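Beneath this line is the structure, given in structure tokens, with notes to follow.
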Amino acid sequence: HTIVYEFSKKLSEHLTPHTSAYHEIWLDKKPVAGNAVKDFEPLYGETYLPRKFKIAIAIPPHNDVDVYCHDLGYIAVVNQKTGELEGFNVTIGGGMGMTHNNTKTYPCLGQLLAFCTLDQASDVGEQVMLVQRDNGSRTNRKHARVKYTLEDHGLEWYLQQVEERLGYKLEKPRPTVDFITKGDTYDWVQGIDGLWHLTLFVEHGRVKDTHDYRLRTGIREIALIHDGDFRFTGNQNMIIGGVKSEKKQQIEQILQKYNINNGRWSTLRLNSVACTALPTCGLAFAESERYLPRLVTLLEKTIEECGLSNEPIHIRMSGCPNGCSRPWVGEIAMVGRSPGIYNLYLGAGFAGERLNKLYKEALNEQALLDELQPLIRRFAKEKTENEHFGDFVVRAGIIAATTAGQNFHAK
């Protein structure tokens, strides 16, 4: 983990734009401040990229960053005998954004491109990005992500372009450990350096106090004594990191004082993710962060009745189809169409390896409950051992499996 973390910092520094263009101020299509110096951008050039470019790095068996959802992904390949990092399987072409009622747009999971060593990894990432810079669409904003460049040219073409720029051939992807989950590992974990790390559930990333849960007050009190760090995860939770053994008990006492613990939450809630949506996001059609907690509460009653309290089901909500909460890899997902109205999607893989598919359109709260509660009851009765909800609805013929982004809209 230490080696991968150091690589992530190196990659970020390498691919961060060096231009000062972001400091410019424009008025009436003319620069009025900040353009005194004409600088040179070594990677992005004068035109930058056609669209945003997202990168994620995962270490199996945990896919807690949803590595397949991003333009560029690195999956660590670890030697199972020595425990040493051999390098990375590189994925390209993931992306979550789409547009309602436009089948030319679709979410997509990244495809395996090649294997690279740690020494090659930064250069490979640079060349993957530069192929997109030079070939991504600049005339159609809805067709400007890496996933559409792959659709236009194909994976083999993209690999050839990368290898030509590198000046050497890359290996084929190597076998690696399968992902088993895309959720976080909660509670205390000790690192090889002896320091402790605590992952706390933070509902949709909002550190706040409520009348019966003083999370913000407790975290602030911990910050006064904690000499490590605080981190947010890709699942919107918080890690209190780098805790020395002598400070661990003090932090536990503060958590107990404010009754801050992961055990108070249902497994369904612990696996929920929502985007900010209304009223903060101007692109949102419907509520998400402020509404999903209520919907989860209503579903928890059915979950408990069916004896599924300890069954992890990934549930996600987004206020629009841009997909910032990565709803297309939720086993259950709601995507806003208008205030109080959502499309319902089912059938994603538990570890983020399969997209879901549209099940029902334009549902209000009661309609969502009317659809989901019977499915949860059926899942409880008919599931096989260790079968996850997303796999069950596919096996039972409730929804067809989405095998690739291009058939996301296929019935």
Side-chain angles (χ1 to χ4, degrees), residues 50-54 56 66 68-71 93-110 136-137 140-151 182 204-205 234-236 272-292 295-296 314-349 352 354-365 367-368 371-372 390 393 399-411:
R51 286 292 301 276
K52 58 189 173 184
F53 190 91
K54 295 183 177 181
D66 275 327
Y68 296 114
C69 292
H70 305 275
D71 298 274
M96 294 286 97
M98 58 160 275
T99 302
H100 283 315
N101 301 321
N102 183 349
T103 58
K104 292 182 179 180
T105 66
Y106 51 82
C108 199
L109 296 183
S137 175
N140 181 359
R141 192 173 184 273
K142 295 182 182 297
H143 196 76
R145 294 290 295 275
V146 174
K147 60 183 177 181
Y148 299 120
T149 307
L150 273 178
E151 178 188 305
K182 56 178 176 277
H204 313 322
N235 289 305
Q236 304 178 319
S272 65
V273 176
C275 70
T276 303
L278 298 176
T280 304
C281 178
L283 300 176
F285 299 136
E287 294 280 357
S288 182
E289 177 196 334
R290 299 192 300 184
Y291 173 58
L292 185 56
L295 185 63
V296 167
H314 292 291
I315 182 169
R316 298 189 173 185
M317 179 173 281
S318 181
C320 78
N322 288 302
C324 293
S325 60
R326 307 185 298 280
W328 319 118
V329 288
E331 294 178 284
I332 299 172
M334 286 71 58
V335 178
R337 290 192 65 100
S338 61
I341 302 297
Y342 299 85
N343 284 355
L344 175 61
Y345 296 80
L346 302 174
R354 183 180 66 243
L355 295 167
N356 54 27
K357 191 176 288 291
L358 178 64
Y359 179 64
K360 291 290 177 68
E361 293 186 78
L363 305 180
N364 61 17
E365 180 179 276
L368 285 170
E371 294 293 342
L372 289 172
V393 295
I399 198 80
T402 299
T403 56
Q406 289 88 339
N407 65 35
F408 176 77
H409 297 289
K411 301 297 183 182

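All values reported here derive from a predicted model rather than from experimental measurement. Side chains are part of it too, since the values below use all heavy atoms of this structure and drop only hydrogens, waters and symmetry mates.
- Checked by atom type, the side-chain pair Lys142/Thr105 shows no donor-acceptor distance below 3.5 Å.
- Residues Gly234 and Arg326 approach most closely at O-NH2, 2.8 Å, considering heavy atoms.
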List the steps and the verdict of side-chain contact (heavy atoms from CB on, under 4.5 Å) for Ile332 and Leu344. CA-CA 7 Å; Ile332 299 172; Leu344 175 61; 4.1 Å; yes

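- Contact annotation: the side chain of Lys360 never approaches that of Leu368 to less than 4.5 Å [non-hydrogen atoms, C-beta and beyond].
- For the pair Met317 and Val335, the minimum side-chain heavy-atom distance is 4.5 Å or more.
- Note that SG of Cys320 is 7.5 Å distant from NE2 of His100, once rounded to the nearest 0.5 Å.
- Contact detail for Asn356 and Pro327: the closest heavy-atom pair is ND2-O, 2.9 Å.
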Would you sort out whether Arg145 and Asp71 count as a side-chain contact (heavy atoms from CB on, under 4.5 Å), showing the intermediate values? CA-CA 8 Å; Arg145 294 290 295 275; Asp71 298 274; 2.7 Å; yes

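- Scanning both residues, Gly330 and Ala348, for their nearest heavy atoms gives O-CB, 3.3 Å.
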Could you go step by step and tell me if Asn322 and Met98 meet the side-chain contact (heavy atoms from CB on, under 4.5 Å) rule? CA-CA 6 Å; Asn322 288 302; Met98 58 160 275; over 6 Å; no

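- Asn343 is listed as a side-chain neighbour of Leu358, based on a closest heavy-atom distance under 4.5 Å.
- In this structure, Ala362 and Ile341 approach most closely via the heavy-atom pair CA-CG2, 3.4 Å.
- Side-chain contact of Thr403 with Asn407: a donor-acceptor pair under 3.5 Å is present, judged by distance alone.
- Using a 30° and 60° split on the angle between ring planes, Tyr345 and Phe408 fall in the parallel class, below 30°.
- Residues His204 and Leu292 form a side-chain contact, since some pair of their non-hydrogen atoms from C-beta on lies under 4.5 Å apart.
- Here Lys357 contributes atom NZ and Ile399 contributes atom CD1; the two are 7.0 Å apart, rounded to the nearest 0.5 Å.
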Side-chain donor-acceptor contacts of residues 272-283 below 3.5 Å, not counting sequence neighbours, with atom names and distances?
residue: Ser272; atom: OG; partner: Arg269; partner atom: O; Å: 2.7

After noting the C-alpha distance and the side-chain angles of Arg316 and Asp66, does the key distance pass the salt bridge (Lys or Arg N to Asp or Glu O under 4.0 Å) rule? CA-CA 13 Å; Arg316 298 189 173 185; Asp66 275 327; 2.8 Å; yes

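- Val329 has its side chain within reach of Leu355: a pair of non-hydrogen atoms, C-beta onward, lies under 4.5 Å apart.
- Classification of the Tyr148-His143 ring pair by plane angle, with boundaries at 30° and 60°, yields parallel.
- The aromatic rings of Tyr291 and Tyr342 sit parallel to each other, their planes meeting at less than 30°, with 60° as the upper class boundary.
- Between the side chain of Arg354 and the backbone N or O of Gly347 there is at least one donor-acceptor pair closer than 3.5 Å.
- For the side chain to side chain contact (heavy atoms under 4.5 Å, CB included) test with Trp328, the passing option among Ser318, Pro321, Cys108 is Pro321; the others fail.
- Counting all heavy atoms, side chain and backbone alike, Gly336 lies closest to Phe285 at O-CD1, 3.5 Å.
- The NE2 atom of His70 sits 11.0 Å away from the NZ atom of Lys52 when rounded to the nearest 0.5 Å.
- Tyr106 pairs with exactly one of Lys147, Glu151, His409 by the side chain to side chain donor-acceptor pair (under 3.5 Å) rule, that one being Glu151.
- Remark: His314 pairs with Phe350 by the ring-ring contact (aromatic ring centres under 6.0 Å, His included) rule, at least two apart or across chains.
- Salt bridge status for Glu361 with Arg337: present, with a side-chain N to carboxylate O gap under 4.0 Å.
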Take Glu331 and Val393, measure what side-chain contact (heavy atoms from CB on, under 4.5 Å) needs, and give me the verdict at the end. CA-CA 9 Å; Glu331 294 178 284; Val393 295; over 6 Å; no

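- The shortest heavy-atom contact between Ser338 and Ala286 is O-CB, 3.3 Å.
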